[in-house]
Amino acid sequence: MCGIVGIVGKSNVNQALYDALTVLQHRGQDAAGIVTSHDGRLFLRKDNGLVRDVFQQRHMQRLVGHMGIGHVRYPTAGSSTSAEAQPFYVNSPYGITLAHNGNLTNVEQLAKEIYESDLRHVNTNSDSEVLLNVFAHELAVRGKLQPTEEDVFAAVTDVHNRCVGGYAVVAMITGYGIVGFRDPNGIRPIVFGQRHTDEGVEYMIASESVSLDVLGFTLIRDLAPGEAVYITEEGKLHTRQCATSPKLSPCIFEHVYLARPDSIIDGVSVYKARLRMGEKLAEKIQRERPDHDIDVVIPIPDTSRTAALELANHLGVKFREGFVKNRYIGRTFIMPGQAARKKSVRQKLNAIELEFRGKNVMLVDDSIVRGTTCKQIIQMAREAGAKNVYFCSAAPAVRFPNVYGIDMPSAHELIAHNRSTQDVADLIGADWLVYQDLPDLIEAVGGGKIKIEHFDCAVFDGQYVTGDVDAAYLERIERARNDLAKAKNQAVSAIIDLHNN
């Protein structure tokens, strides 16, 4: 998961891009980048780190131009070197920069094609650079000195024909405009909107609607699966369906954890979806233990707070904030390396003993992935004096890796893989563990006013919507994604970066 943004404005867009990336910071804390275009020239700043650290005043002053794109990065495999910070750039044709959220499942085949057939060079291990080169090649073969919207949409069509996986993309064609497009399954989210100024209409493309809200843009809609939007440098909007058989199958984990609660994805309020998750959990608890002895419901901040509140309301149990969060510690789920995750949990949360002492406590989290965080939190609750510690997951058991842009680790690192609910409860030290049922999660997210018939639920059921993921592929990504491999890659990268600096 990463965050992307693109703006075509009537004045310098550097500050707007910066502000949008800070709103999307929850989608990636590894690296950030902005590129703008002015008088046919590009101005780029990108590096490892948070948005506030990557961009200083001197960098912002150089990012001139009324058109630009931005990215916050979250690594899904391999190293996290500054060389893989986005946006990426190719000079031919026209000069194209691209930022990408997602993951291509046929990247090895594409990389071979790019070298052997397209005669293009890829300089990193990032599939985003592969995707950029595919798009650039398909635009180049049109052979136009000045590309039209028809050329841009034809290139996106060919990208869909060649690329498989989950991807939401913004790309800037220097001197011409910005294009945004979404994979034919609509796995990763992308929206676009507009705002009116004294100089005219400005357009914005982004991963989540909340970034449009904060900057005063009005949401027009989500891009449909396979659809592209092209905004010329002069501010003319074009849209086109570029896939032959699109089918909406959005990632359901966006609603569980990834997205901000004040976002709307594919017409569904993330906040309302999480309220319904809590309601469904309460119904399950009432079915399984109508005579439960829960004294208090306590969320594990922040993502689970909405579901926990509705859970408590439906059970008629007190809702209390039992943990104080250090807001200067990042999201542990997206931290590279098990050691970093373990260390950060104690730094991130501290228990309020008053809410635990002598009580039967129901802790609520959005999901359980590795089990590292919840195991330590349960121990913290016991140390604070809890009588019994129960644990609720607003999502079903995560049993399979994600291959579409979320760093769900290799199967053997998932605590629920090949284990029963009781096995997991024993491992994390819970007196009672309740998982959300998958049909209830689907109903919670897709059962509102906007009906979504199908989701990518692969991390829960192992059914990958692109149809190209088999045991051999999962074995390859397991080798690439395990924490030991990451640690080795990061150590090598640190040495390289130290040498280069």
Side-chain angles (χ1 to χ4, degrees), residues 2 4 6 33 35 37 40 42 44 46 67 69 71 83-185 188 190 205 223 225-233 238 240-246 405 466 468:
C2 297
I4 59 174
V35 61
S37 174
L42 294 176
L44 171 66
K46 61 179 182 177
M67 181 172 72
I69 64 175
H71 185 266
E84 295 192 3
Q86 298 184 38
F88 284 119
Y89 166 74
V90 290
N91 68 344
S92 177
Y94 317 113
I96 301 174
T97 50
L98 178 143
H100 162 227
N101 172 31
N103 194 60
L104 303 180
T105 54
N106 66 334
V107 67
E108 292 181 4
Q109 172 193 336
L110 288 171
K112 184 178 180 181
E113 290 176 5
I114 287 169
Y115 180 74
E116 295 180 353
S117 301
D118 300 352
L119 305 180
R120 304 181 74 93
H121 174 71
V122 175
N123 199 49
T124 71
N125 294 321
S126 173
D127 59 349
S128 302
E129 190 185 9
V130 170
L131 199 158
L132 167 60
N133 276 275
V134 172
F135 176 66
H137 172 78
E138 298 305 334
L139 198 54
V141 297
R142 264 73 207 168
K144 297 285 188 69
L145 181 62
Q146 295 181 330
T148 66
E149 64 271 17
E150 296 298 329
D151 298 317
V152 171
F153 291 139
V156 173
T157 297
D158 290 334
V159 168
H160 290 330
N161 290 336
R162 294 180 64 181
C163 297
V164 183
Y167 50 91
V169 174
V170 288
M172 182 168 63
I173 306 170
T174 308
Y176 293 100
I178 290 178
V179 58
F181 55 92
R182 192 179 190 187
D183 72 83
N185 290 292
R188 302 260 70 86
I190 183 170
I205 307 167
L223 279 179
E227 187 182 20
V229 56
Y230 177 54
I231 307 155
T232 67
E233 190 173 33
H238 307 271
R240 182 77 54 84
Q241 176 53 255
C242 297
T244 53
S245 301
T466 53
D468 63 329

- Query: Are any of the side-chain nitrogens in K144 or D151 under 4.0 Å away from the carboxylate oxygens of its partner?
  - Reply: yes
Residue pair [X] / [Y]: nearest heavy atoms and the distance that separates them:
X    : Y    : value
C163 : V134 : SG-CG1, 4.1 Å
S92  : A136 : O-CB, 3.8 Å
A171 : I96  : CB-CG2, 4.4 Å

Spacing of [atom1] belonging to [X] relative to [atom2] belonging to [Y], to within rounding of 0.5 Å:
X    : Y    : atom1 : atom2 : value
M67  : T174 : CE    : OG1   : 6.5 Å
F153 : D158 : CZ    : CG    : 14.0 Å
L119 : I114 : CG    : CD1   : 11.0 Å
D127 : E84  : CG    : CD    : 9.5 Å
N101 : R188 : CG    : CZ    : 5.5 Å
R120 : Y115 : CZ    : OH    : 14.5 Å

Any heavy-atom pair between the side chains of [Y] and [X] that's under 4.5 Å?
X    : Y    : answer
Y89  : L44  : no
P147 : R142 : no
L104 : Y167 : yes
H238 : T232 : yes
V179 : F135 : yes
R240 : E150 : yes
L42  : S37  : yes
I190 : I205 : yes

- Message: Parallel, tilted or perpendicular, judged at 30° and 60°: which one describes the rings of F181 and H160?
- Response: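 Ring orientation of F181 relative to H160: perpendicular.
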- Task: State whether the side chain of Q86 and the backbone N or O of H71 hold a donor-acceptor pair below 3.5 Å, judged by distance alone.
- Result: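 The answer is no, because no donor-acceptor pair under 3.5 Å joins these two groups.
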- Task: Keeping the roles fixed (side chain from E227, backbone from V229), state whether a donor-acceptor pair exists under 3.5 Å.
- Result: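 No: the side chain of E227 does not pair with the backbone of V229.
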- Task: Using the test salt bridge (Lys or Arg N to Asp or Glu O under 4.0 Å), find all partners of E233 that sit at least two apart in sequence or belong to another chain.
- Result: none
- Worked check of side chain to side chain contact (heavy atoms under 4.5 Å, CB included) between T466 and D183: CA-CA 10 Å; T466 53; D183 72 83; over 6 Å; no
- With sequence neighbours excluded, residues passing side chain to side chain donor-acceptor pair (under 3.5 Å) with D118: H137, R162
- Query: Among V90, N133, L110, which one satisfies side chain to side chain contact (heavy atoms under 4.5 Å, CB included) with V122?
  - Reply: N133
